[in-house]
Amino acid sequence: MLSNDLIRNINALGVLGLSIVLAVGFWLQFTLHELPCPLCLLQRVGFVLVMYGFMLNVVRGPAFTHYGIVLLSAFFGAGVATRQVLLHIVPGTGTYGSPILGLHFYTWSLIIFSASILAVAVLLLLTEQQRPNEKIVVGKIQLLICWTAIIITALNAGMVFLECGPFVCPENPDSYLLLG
Amino acid sequence: MMTLLFLLVLVAMVALMRGKSRLSFSFFAAALVLGIYWFHYHATSTLSIVL
């Protein structure tokens with residue numbers, strides 16, 4: 001068994017890793033001028049939901065409920081990513097967006113969601129259930145990581161509003177609705 | 001409408017940091033349910049595979 005402090009640090013690393021994934025998505029979106037499709041956006045929603053589950057472990061201490069939230073979120077994201085992989089799996093059916101290190105973003109998403117599920121399985125083996133009155137002290141770096149995740153989520157909300165406005169996002173977006 | 005999903009998770013995260021757990025869980029649940037609804041809404045294209 002690992003100490004709860006160490007488990008919380010590992011969860012904080014998970015939050016940081018997913019923040020970096022979302023930041024890379026942003027960077028590709030703005031440097032390659034590729035707008036995310038609705039399924040791509042739903043995968044990003046999956047990432048922020050998984051981040052939320054890991055954040056729960058960081059802020060409130062490791063608990064089975066929090067891991068359940070990570071698993072539900074990761075299965076949601078993996079479902080969306082699988083759908084998009086299957087859309088393009090047959091040769092000649094095209095792709096969406098540019099590949100990163102040889103794989104498309106939706107394939108990376110599926111790998112990352114699967115890795116999150118695997119990580120939860122390992123962490124559950126190593127986690128001691130939180131004692132009811134155990135005091136949780138959130139460190140400065142953990143706080144910084146959590147607020148970074150919150151800022152990334154807020155930036156995503158703003159970007160999606162620029163792209164789709166208050167309406168349903170188009171299947172193949174080619175411009176930001178609110179930027180003309 | 002997709003913005004709403006991110007906003008719901010954003011509120012859930014901020015509520016968590018402010019110590020309002022029940023509110024936080026409610027917003028998470030709403031985001032997940034709405035996410036599944038939007039996934040069903042957007043998963044319209046026919047897959048070119050036969051399982």
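To find a chain, count down the sequence lines: A is the first, B the second, and so on, and within it residues start at 1.
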State, with a plain yes or no, whether a side-chain heavy atom of B:Met17 is found less than 4.5 Å away from one of A:Trp147.
yes

Per-residue tally against chain B (heavy atom, under 4.5 Å) across A:Val80, A:Leu41, A:Leu87 peaks at A:Val80

query: Would B:Leu5 and A:Leu42 count as a side chain to side chain contact (heavy atoms under 4.5 Å, CB included) if you check the C-alpha gap in whole Å, the side-chain angles of each, and the deciding distance to 0.1 Å?
result: CA-CA 9 Å; B:Leu5 291 178; A:Leu42 283 171; 3.8 Å; yes

Cut-off 4.5 Å, heavy atoms of chain B, and the answer for A:Val59 is side chain

Whatever's closer than 4.5 Å to a heavy atom in chain B on A:Leu39 counts as side chain

Turns out that what part of B:Leu10 lies under 4.5 Å from chain A's heavy atoms comes down to both

- May I ask you to test the B:Trp38-A:Cys169 pair for a side-chain heavy-atom distance under 4.5 Å? no

In this structure, CZ of B:Phe25 is separated from NE2 of A:His66 (nearest 0.5 Å) by 4.5 Å

Output for pair (B:Phe28 CZ, A:Ser73 OG), nearest 0.5 Å, gives 3.5 Å

| message | Count I, L, V, M, F, W, Y as connected when their side-chain heavy atoms are under 4.5 Å apart, and connections chain through other members. Are A:Ile7 and A:Met1 then in the same cluster? | response | no

Heavy-atom nearest pair, B:Met2 first then A:Pro38, reads CE-O, 3.6 Å

CG (A:Leu49) and CE (B:Met13) are apart, to the nearest 0.5 Å, by 8.0 Å

Bottom line for A:Phe167: the part with an atom under 4.5 Å from chain B's heavy atoms is backbone

Looking only at A:Gly46, A:Pro166, A:Gly158, the option with the highest number of non-hydrogen pairs under 4.5 Å against chain B is A:Pro166

Taken to the nearest 0.5 Å, the spacing of A:Cys37 SG from B:His42 NE2 works out to 9.5 Å

Whatever's closer than 4.5 Å to a heavy atom in chain B on A:Glu171 counts as side chain

When the 4.5 angstrom heavy-atom criterion is applied to A:Cys164 and chain B, the contacting part is neither

